[in-house]
Amino acid sequence: DAMVIQNPRYQVTQFGKPVTLSCSQTLNHNVMYWYQQKSSQAPKLLFHYYDKDFNNEADTPDNFQSRRPNTSFCFLDIRSPGLGDAAMYLCATTPTWGSTLYNEQFFGPGTRLTVL
Amino acid sequence: AQSVTQLDSQVPVFEEAPVELRCNYSSSVSVYLFWYVQYPNQGLQLLLKYLSGSTLVKGINGFEAEFNKSQTSFHLRKPSVHISDTAEYFCAVSNPNYGGSQGNLIFGKGTKLSVKP
């Protein structure tokens with residue numbers, strides 16, 4: 001089945017130790033998103049890629065970076081995680097503008113990050 | 001700018017009772033509307049969406065929602081809930097006329113539905 005996959009599902013890191021979260025998709029969608037979701041809050045968009053074009057949200061901290069080496073994969077790098085970065089990180093995809101599915105986002109299961 | 005308000009942060013209900021989760025939006029342009037469900041430690045799953053056409057939208061798991069343009073609402077309903085419906089529900093809006101690379105979703109803060117036996 002076509003889907004959005006996130007690895008790992010649970011990640012524990014130490015304060016200040018860089019960590020990378022992975023997202024892959026078999027949907028062949030052009031757009032990929034990264035969201036941060038803290039406990040009992042709505043998902044907050046960090047950034048997204050339209051193909052290789054990177055779009056950063058204005059309030060996303062510099063500590064968060066992303067890479068998209070190809071259509072299928074997208075990575076979230078947290079350069080120096082702080083305690084406040086502990087959250088669920090959600091990856092989502094959507095097809096290109098003009099598709100009948102445009103504006104519908106398909107979410108992965110998320111990676112729960114714990115910072116010790 | 002668009003915004004979404006989910007009026008109830010928590011809704012407790014007994015099994016087999018009906019439920020309505022409220023969602024109001026604010027937008028100066030036409031919108032697409034969505035309801036997503038999130039089970040504990042899971043991603044978001046689309047329940048239903050309104051893009052155009054009939055204002056009554058049916059989704060998965062027996063849920064439905066009605067788009068009311070005059071009241072700028074998109075309330076989610078289910079006539080009889082099950083224990084397995086216990087989850088958090090997010091209403092979201094996006095701008096269908098936003099071309100190019102962004103069809104960003106604006107989420108409400110979520111409503112936790114708790115179904116008790």
Side-chain angles (χ1 to χ4, degrees), chain A residues 3-11 23 25 29-58 68 87-114, chain B residues 1-6 8-11 21 23 25 27 29-53 57 59-60 87-114:
Chain A
M3 58 196 319
V4 182
I5 302 162
Q6 290 188 246
N7 286 307
R9 293 293 313 280
Y10 299 90
Q11 176 74 57
C23 177
Q25 53 126 342
H29 285 171
N30 298 80
V31 192
M32 294 186 77
Y33 303 85
W34 278 106
Y35 290 89
Q36 179 193 63
Q37 186 182 25
K38 295 189 177 180
S39 182
S40 298
Q41 295 185 22
K44 177 182 180 296
L45 183 64
L46 294 173
F47 26 60
H48 74 276
Y49 277 93
Y50 187 91
D51 290 331
K52 288 190 176 296
D53 292 334
F54 178 71
N55 296 271
N56 199 31
E57 293 301 298
R68 190 179 185 186
M88 174 78 90
Y89 290 87
L90 297 167
C91 175
T93 71
T94 196
T96 190
W97 183 51
S99 162
T100 55
L101 289 177
Y102 182 68
N103 285 73
E104 178 179 341
Q105 293 187 17
F106 297 77
F107 284 83
T111 295
R112 182 163 295 283
L113 178 67
T114 300
Chain B
Q2 298 164 330
S3 67
V4 178
T5 302
Q6 291 184 244
D8 305 300
S9 59
Q10 297 189 48
V11 173
L21 306 184
C23 173
Y25 69 92
S27 177
V29 297
S30 60
V31 294
Y32 289 162
L33 293 156
F34 305 83
W35 275 100
Y36 282 87
V37 60
Q38 187 176 34
Y39 299 101
N41 288 313
Q42 297 289 325
L44 275 69
Q45 180 183 6
L46 182 70
L47 274 179
L48 48 78
K49 60 185 177 183
Y50 171 79
L51 305 182
S52 65
V57 180
I60 62 171
E88 189 154 20
Y89 293 78
F90 290 94
C91 182
V93 62
S94 70
N95 183 349
N97 295 320
Y98 203 135
S101 65
Q102 294 190 41
N104 290 357
L105 289 173
I106 308 298
F107 286 95
K109 292 187 176 181
T111 298
K112 288 186 178 177
L113 176 64
S114 175

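Computed from a predicted model, the values in this text were never measured in an experiment. Chain letters run A, B, ... following the sequence lines, proteins first and then strands; every chain starts at 1. Side chains included, hydrogens not; waters and symmetry mates left out as well; all remaining heavy atoms used.
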Pair count under 4.5 Å, heavy atoms only, with chain A: among B:A92, B:G110, B:G108, B:G43, highest is B:G43
When you look at A:F54 and A:Y49, which way does the ring pair (Phe, Tyr, Trp, His ring centres under 6.0 Å) test go after all the steps?
-> CA-CA 5 Å; A:F54 178 71; A:Y49 277 93; 5.1 Å; yes
Does any non-hydrogen side-chain atom of A:F107 lie less than 4.5 Å from one of B:Q45?
-> no
Could you tell me which residues satisfy side chain to side chain donor-acceptor pair (under 3.5 Å) with A:Q25, sequence neighbours excluded, listed by chain and number?
-> none
What part of A:Q6 is in contact with chain B, defined as an atom under 4.5 angstrom from a non-hydrogen atom: side chain, backbone, both or neither?
-> neither
In chain order, what residues pass the side chain to side chain donor-acceptor pair (under 3.5 Å) check against B:K109, with sequence neighbours excluded?
-> none
Answer with side chain, backbone, both or neither: which region of B:L46 has an atom nearer than 4.5 Å to a non-hydrogen atom of chain A?
-> side chain
Chain B shares the most heavy-atom pairs under 4.5 Å, among A:P43, A:G108, A:S40, with A:P43
Chain B shares the most heavy-atom pairs under 4.5 Å, among A:R112, A:Q37, A:Q41, with A:Q37
What are the two closest non-hydrogen atoms of A:L90 and A:G110, and how far apart are they?
-> CD2-CA, 3.7 Å
